[in-house]
A.B. asks: 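Have a look at this one before I ask anything.
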Amino acid sequence: MLRTNTCGELREKDAGKEVTLCGWVSTVRNLGALVFIDLRDKYGITQLNVDPKIYALTNVRSEYCISAKGKVVLRSEPNKDLPTGKIEIAVTEINVFSKSETTPFELTDDTNASEDTRLLYRYLDLRRPIMQKYMKIRSDLNFYTREYMNQHGFQEIDTPTLIKSTPEGARDYLVPSRIYPGEFYALPQSPQLYKQLLMVSGADRYFQLAHCYRDEDQRADRQPEFMQIDCEMSFIDREDVLNVIEGLLKYLFKKIDNVDLPDFYRMDYSVAIDSYGCDKPDMRFEMLLNNVTDIMSKSGFKAYEGKVVKALVVPNYADKVSRKNMDLDNLTAKKFKVFGVSHVKMENGVLTGSVVKNFSADSQEKLIKKLNLKNNDLVILCGDASFSNCSYALGALRSEYGHKLGLDKKNVYKPLFLINWPLFEKEADGHYESLSNPFTRPIDEDLPLLDTDPTKVRSTSYDTILNGVELSSGALRIHDSEVQKKVFEILGLSADDINSRFGFLVKALKFGVPPEGGFGIGIERLAMELAGTDNVRDVVAFPKNLKAYEPMSDCPSFVPTADTDILGIKVVKEDTSEKK
RNA sequence: GGAUCUAUAGUGUAGCGGUUUAUCACGUCUCCCUGUCACGGAGAAGACCGAGGGUUCGAAUCCCUCUAGAUCCGCCA
């Protein structure tokens with residue numbers, strides 16, 4: 001080893017030891033007759049005390065990669081902010097492994113360099129202690145997941161990442177085949193079909209830290225490639241699966257953040273939409289939506305006549321709301337195609353606001369009573385023909401005001417399972433679509449509804465939500481071929497469709513399928529929660545930007561035509577990459 | 001596919017029609033300094049204000065187009 005110790009471990013008790021440390025120069029403080037160097041590695045920072053004569057021999061600068069030999073000595077003036085702050089190294093020899101150019105940004109935790117620049121020099125960005133911490137969380141997450149799953153009888157099995165493209169769901173990333181020119185593999189969106197096949201194979205309890213790929217537009221919490229804690233188990237009911245998710249997440253939060261998660265709440269999908277206006281409710285604060293249709297639709301206000309009207313009460317906020325606020329709220333609602341937003345204030349026992357004059361005295365009284373309004377409460381009313389649009393618009397405002405009021409506290413955790421989702425969604429043109437996938441098992445007692453009213457059928461699927469973030473989703477799968485047939489019919493899938501898309505799975509389902517179900521937990525989302533960041537890119541070592549582009553390596557890129565010719569592919573778009 | 005915001009030295013910012021040879025901080029370079037730890041002190045270099053076009057006597061500043069990034073909606077079975 002080139003070093004005897006890391007930069008994070010030496011303490012008072014080590015005084016007198018001869019050590020050699022390796023790392024990067026964080027800062028140089030040259031006091032003339034005395035030079036201090038902060039040496040940094042991934043474990044911490046140790047101060048080097050360097051004689052100016054020794055310093056002059058090497059003249060090290062920021063981010064040089066060096067080793068320093070010397071004796072551990074107690075500092076005359078300790079630094080209580082540093083774990084190694086009571087000691088320093090009296091350096092006798094410095095060896096420069098390699099010099100460094102001036103870095104394009106300062107490698108501090110509170111850097112304000114744009115993310116663009118940081119991604120271009122990601123290897124430097126990752127030197128920042130906070131990024132090292134994020135990477136550690138990812139590593140711990142993998143380690144403790146494997147530990148927990150193995151302890152609970154799950155077996156880790158890798159499924160392929162070059163698979164058949166199934167034109168269902170998200171857009172696939174395609175990989176051309178050389179041996180079959182013109183044909184393509186797809187990268188998996190999830191190991192979904194394979195894990196069901198594993199259950200048919202008798203694997204019983206499977207898990208995997210799976211790489212998944214989806215070619216869809218990105219978001220702050222969404223990358224084109226991501227990882228999932230993927231799990232499937234046989235001979236179980238819904239509660240069995242939920243208990244595994246709950247147990248695993250409690251274990252991970254305890255081990256990594258030393259947080260004791262409370263027991264997971266079970267919430268009905270319909271309750272989430274009605275009271276939270278959202279399919280991933282943040283239960284850290286109340287401010288539930290109220291349905292005031294019965295009062296407002298006949299209040300005399302024409303805009304709300306015959307509409308669904310819901311109300312959000314923002315307590316003690318009336319004096320803080322401004323014209324600009326209201327305009328922003330309208331903008332938020334517009335995203336959900338909702339325009340009938342109005343703001344009403346409770347002042348001195350009466351309702352005020354420009355729309356109030358349109359409400360009958362009776363309806364005003366009823367509203368105050370139903371919403372239990374107190375002085376200085378702000379009421380946001382939202383009316384729309386669509387119950388769900390109205391709920392979603394107000395749900396978005398609930399989140400915004402909750403945030404403004406500081407109710408979304410970082411150190412509070414409110415996990416829940418969202419259950420009893422509808423199995424199907426009826427599209428505008430009248431045809432049915434699966435809300436999850438065509439293999440999702442309906443709730444047994446709703447089976448008769450498959451023949452009468454498919455939209456009323458509830459599914460066994462479940463989402464795990466933590467503080468408004470969807471951490472995982474899963475479901476039980478259909479194991480009865482008659483039910484499966486019926487679901488395919490409702491979805492309007494012909495025998496040919498089924499055969500070409502997932503014929504191999506349907507075939508396997510004829511050979512004895514156990515009752516089974518499972519889940520996939522988004523590892524990056526979970527890491528974000530554990531790390532307390534709201535940007536996925538923070539917890540991914542080399543992430544893509546919003547356009548699925550990776551600036552550091554300039555990826556994706558054009559390839560020589562010889563390489564595409566052999567694949568039987570003709571590239572139409574010209575290579576214009578010299579501009580970069 | 002759509003909406004919003006952003007673009008000024010290496011980094012982050014100020015300036016938002018003319019006293020600007022563009023502000024400040026950090027960083028960089030030189031010199032001084034024996035206990036710093038966001039070291040301190042003195043000095044220096046470094047930007048044609050994202051690109052193109054227009055309005056104007058005059059544009060970093062106003063308008064248009066484009067480019068790049070960020071955030072959201074659609075999308076993500």
Side-chain angles (χ1 to χ4, degrees), chain A residues 26-39 45-52 59 61-63 73-82 84-85 88 90 100-121 124-125 166-172 189-190 192-193 212-224 226 327-328 331-338 389 392-393 396 399-400 421 423-425 432-440 459 461 470 473 475 487 491 493 501-502 520 522 534-535 537 545-547 549 551 579-580:
Chain A
S26 185
T27 50
V28 178
R29 290 183 293 279
N30 188 342
L31 276 64
L34 187 60
V35 180
F36 295 109
I37 293 175
D38 285 344
L39 191 65
I45 284 179
T46 298
Q47 176 166 284
L48 309 179
N49 186 334
V50 188
D51 185 272
N59 204 32
R61 305 288 168 119
S62 283
E63 299 309 321
V73 296
L74 294 178
R75 294 198 198 184
S76 55
E77 286 179 33
N79 180 348
K80 58 183 183 323
D81 297 328
L82 214 57
T84 61
E88 65 187 8
S100 172
E101 293 182 7
T102 302
T103 54
F105 57 94
E106 289 162 63
L107 309 187
T108 53
D109 276 356
D110 56 355
T111 181
N112 37 24
S114 73
E115 201 181 20
D116 217 11
T117 312
R118 288 171 46 208
L119 289 186
L120 196 55
Y121 298 92
L124 296 179
D125 192 36
T166 55
E168 195 81 15
R171 190 175 294 109
D172 282 332
Q189 298 172 26
S190 84
Q192 183 62 44
L193 301 185
C212 306
Y213 306 84
R214 290 178 193 171
D215 189 5
E216 295 292 345
D217 287 354
Q218 311 309 312
R219 288 289 189 283
D221 61 353
R222 214 196 282 169
Q223 283 276 297
F226 59 97
D327 289 343
L328 284 174
L331 211 66
T332 301
K334 213 173 120 187
K335 286 178 191 165
F336 300 91
K337 303 191 186 71
V338 170
N389 283 359
Y392 279 122
S399 298
E400 284 180 13
W421 294 64
L423 188 64
F424 302 106
E425 206 172 30
Y432 291 99
E433 289 223 353
S434 281
L435 213 66
S436 48
N437 77 45
F439 305 101
T440 300
S459 84
S461 54
E470 176 196 325
S473 58
V487 168
L491 292 170
L493 293 174
R501 290 183 193 187
F502 22 69
D534 46 17
N535 183 341
R537 287 166 240 122
N545 71 12
L546 283 183
K547 289 201 172 150
Y549 175 71
K579 70 179 168 9
K580 282 173 187 167

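First the proteins, then the strands, lettered A, B, ... as listed; each starts at 1.
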A.B. asks: Please give, in whole Å, the distance from U4(B) P to Leu546(A) CG?
C.D. replies: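 These atoms are roughly 17 Å apart.
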A.B. asks: Between Arg61(A) and C29(B), does any side-chain N or O lie under 4.0 Å from OP1 or OP2?
C.D. replies: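 Answer is yes, contact under 4.0 Å.
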A.B. asks: Is Tyr432(A) atom OH crowded by more than 12 heavy atoms from other residues, nucleotides or ligands, each under 6.0 Å away?
C.D. replies: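 Above 12, so yes.
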A.B. asks: Hunt down the Watson-Crick or G-U wobble partner of A25(B), both distances under 3.5 Å, from any strand shown, or write none.
C.D. replies: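 Because both required distances fall under 3.5 Å, A25(B) counts as paired with U11(B).
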A.B. asks: With heavy atoms under 4.0 Å as the rule, sort Gln192(A) into base, sugar-phosphate or nothing.
C.D. replies: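 Here Gln192(A) touches the bases of the nucleic acid.
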A.B. asks: Given 3.5 Å as the limit, does a donor-acceptor pair link the side chain of Arg75(A) with the main chain of Gly85(A), or not?
C.D. replies: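 Looks like yes, one N/O pair under 3.5 Å.
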A.B. asks: Checking Thr46(A) side chain against Leu39(A) main chain: does a donor-acceptor pair fall under 3.5 Å?
C.D. replies: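 Such a contact is absent between Thr46(A) side chain and Leu39(A) backbone.
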A.B. asks: For C31(B), what is the paired nucleotide under Watson-Crick or G-U wobble rules, both distances under 3.5 Å?
C.D. replies: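 Partner of C31(B): G41(B).
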A.B. asks: Do any side-chain nitrogens or oxygens of Thr117(A) fall under 4.0 Å of OP1 or OP2 in G10(B)?
C.D. replies: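 For Thr117(A), the contact criterion (side-chain N or O under 4.0 Å from OP1 or OP2 of G10(B)) is not met.
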A.B. asks: Between the base of C76(B) and the side chain of Arg214(A), is one N or O donor paired with an acceptor at under 3.5 angstrom?
C.D. replies: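 Side chain to base: no pair present.
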A.B. asks: How do Ala170(A) and Ala220(A) order along RNA chain B: which one's closest nucleotide is nearer the 5' end?
C.D. replies: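 The residue mapped nearer the 5' terminus is Ala220(A).
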A.B. asks: Counting Watson-Crick and G-U wobble pairs only, both distances under 3.5 Å, name the nucleotide matched with C48(B), or none.
C.D. replies: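 Pairing partner: none.
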A.B. asks: In whole Å, what separates the P atom of U8(B) from that of G69(B)?
C.D. replies: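 Result for the P pair: 15 Å, nearest Å.
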A.B. asks: Grab the CD-C1' distance between Glu425(A) and G74(B) for me, whole Å please.
C.D. replies: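 Taking atom C1' of G74(B) as the reference, CD of Glu425(A) is at 13 Å.
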A.B. asks: So, using side-chain contact (heavy atoms from CB on, under 4.5 Å) as the criterion, who are the partners of Asn112(A) when residues are at least two apart?
C.D. replies: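 With neighbours one apart ignored, the set is empty.
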A.B. asks: In terms of side-chain heavy atoms of Thr102(A), which of C76(B), A70(B), G27(B) is nearest?
C.D. replies: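 Looking only at heavy atoms from C-beta outward on Thr102(A), the closest nucleotide is G27(B).
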A.B. asks: Applying a 3.5 Å limit to both distances, which nucleotide forms a Watson-Crick or G-U wobble pair with U36(B)?
C.D. replies: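 Base-paired to nothing in any strand shown.
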A.B. asks: Between P on G69(B) and CZ on Arg118(A), what's the gap in Å once rounded to a whole number?
C.D. replies: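 Those two atoms, CZ and P, are 16 Å apart.
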A.B. asks: Considering only atom P, compute the distance from G10(B) to A22(B) and round it to an integer number of Å.
C.D. replies: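 Looking at atom P only, G10(B) and A22(B) are 15 Å apart.
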A.B. asks: If I pick the P atom on C64(B) and the same atom on A7(B), what distance separates them, to the nearest angstrom?
C.D. replies: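 Pairwise P distance, A7(B) against C64(B), rounds to 16 Å.
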A.B. asks: Base, sugar-phosphate, or nothing for Ser190(A), non-hydrogen atoms under 4.0 angstrom?
C.D. replies: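 Counting heavy atoms under 4.0 Å across all strands, the contact made by Ser190(A) includes a base.
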A.B. asks: Within this structure, what is the CG-to-P distance between Leu119(A) and U11(B), rounded to whole angstrom?
C.D. replies: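 Distance check: Leu119(A) CG to U11(B) P gives 14 Å.
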A.B. asks: Can you measure Arg219(A) atom CZ to A3(B) atom C1' for me and round it to whole angstrom units?
C.D. replies: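 Computing the Arg219(A):CZ to A3(B):C1' distance gives 11 Å.
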A.B. asks: Once you round it to whole Å, what is the distance between C1' of C76(B) and CG of Asp221(A)?
C.D. replies: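 Whole-Å distance recorded here is 10 Å.
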A.B. asks: Going 5' to 3' along nucleotides 31-41 of chain B, which nucleotides have protein heavy atoms under 4.0 Å from the base (write B), which only from the sugar-phosphate (write S), and which from neither (write -)?
C.D. replies: --BBBBB-B--
A.B. asks: Check whether any side-chain N or O of Arg537(A) sits under 4.0 Å from OP1 or OP2 of U71(B), and answer yes or no.
C.D. replies: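 Answer is yes, contact under 4.0 Å.
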A.B. asks: With sequence neighbours excluded, what pairs up with Asp38(A) under the salt bridge (Lys or Arg N to Asp or Glu O under 4.0 Å) test?
C.D. replies: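 Applying salt bridge (Lys or Arg N to Asp or Glu O under 4.0 Å) to Asp38(A) gives Arg29(A).
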A.B. asks: So what does Asn112(A) hit on the nucleic acid, given a heavy-atom distance under 4.0 Å: a base, only sugar-phosphate, or nothing?
C.D. replies: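 Touches sugar-phosphate only.
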A.B. asks: Suppose we define a pair by two distances each less than 3.5 Å, Watson-Crick or G-U wobble; what does U71(B) pair with here?
C.D. replies: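 Answer to the pairing question: A3(B), which forms a Watson-Crick or G-U pair with U71(B).
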A.B. asks: Looking only at atom P, what distance separates C29(B) and C39(B), rounded to whole Å?
C.D. replies: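 Each nucleotide's P atom is 15 Å from the other's.
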A.B. asks: What residues form a side-chain hydrogen bond (donor to acceptor under 3.5 Å, both in side chains) with Arg501(A), not counting sequence neighbours?
C.D. replies: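 Arg501(A) satisfies side-chain hydrogen bond (donor to acceptor under 3.5 Å, both in side chains) with Glu168(A) once adjacent residues are dropped.
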A.B. asks: Can you tell me how far P in A3(B) sits from the matching atom in U56(B), rounded to whole Å?
C.D. replies: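 These two P atoms come out 30 Å apart once rounded.
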A.B. asks: Between A42(B) and G58(B), how far apart are the C1' atoms? Round to whole Å, please.
C.D. replies: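 Straight-line distance between the two C1' atoms is 40 Å.
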A.B. asks: Both distances under 3.5 Å, Watson-Crick or G-U wobble: report the partner of C57(B), or none.
C.D. replies: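 Base partner found: G18(B).
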A.B. asks: Could you pull out all residues at least two apart from Glu63(A) that satisfy salt bridge (Lys or Arg N to Asp or Glu O under 4.0 Å)?
C.D. replies: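 Listed in chain order: Arg40(A), Arg127(A).
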A.B. asks: Apply side-chain contact (heavy atoms from CB on, under 4.5 Å) to Asp221(A) and list each qualifying residue two or more places apart in sequence or on a separate chain.
C.D. replies: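 Arg219(A), Arg525(A), Met528(A).
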